[in-house]
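In what follows, a structure is listed as structure tokens, so that the remarks can point back to it.
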Amino acid sequence: MMNEDEVYEMQSKIDEGIFLAQKRLVERARHNHTTLVVARGGQIVEVSADELYPVRRNYCSLFSK
């Protein structure tokens with residue numbers, strides 16, 4: 001069983017991995033001049049990568065406008 005510090009460290013690594021994946025996705029879409037489909041305000045919307053760039057550190061804030 002993991003102790004509290006190990007759980008925190010693992011969660012931090014998971015969060016960092018998710019952030020990096022989203023950052024790369026937005027950068028690739030921006031480079032290719034394509035759009036991304038995201039959930040925003042309870043609706044599914046298509047947004048330009050430029051609208052999401054630069055990727056903010058708090059990746060959850062990307063989709064909550």
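Numbers here are sequence positions counted from 1.
Interatomic distance, E51 CD to E46 CD, rounded to the nearest 0.5 Å: 11.0 Å. We find the OG-CZ distance between S48 and R30 to be 9.5 Å, quoted to the nearest 0.5 Å. With rounding to the nearest 0.5 Å, the separation of CZ in R24 from CZ in F19 is 11.0 Å.
Residues E6 and M1 share a closest heavy-atom pair of OE1-O, 4.3 Å.
Placement of I18 and V7 within a single hydrophobic cluster is found when ILVMFWY residues are connected by side-chain heavy-atom separations under 4.5 Å, directly or transitively. No single ILVMFWY cluster, assembled from side-chain heavy atoms under 4.5 Å apart, contains both L20 and M10.
Looking at D50, L36, V47 one by one, the single match for side-chain contact (heavy atoms from CB on, under 4.5 Å) with V26 turns out to be L36.
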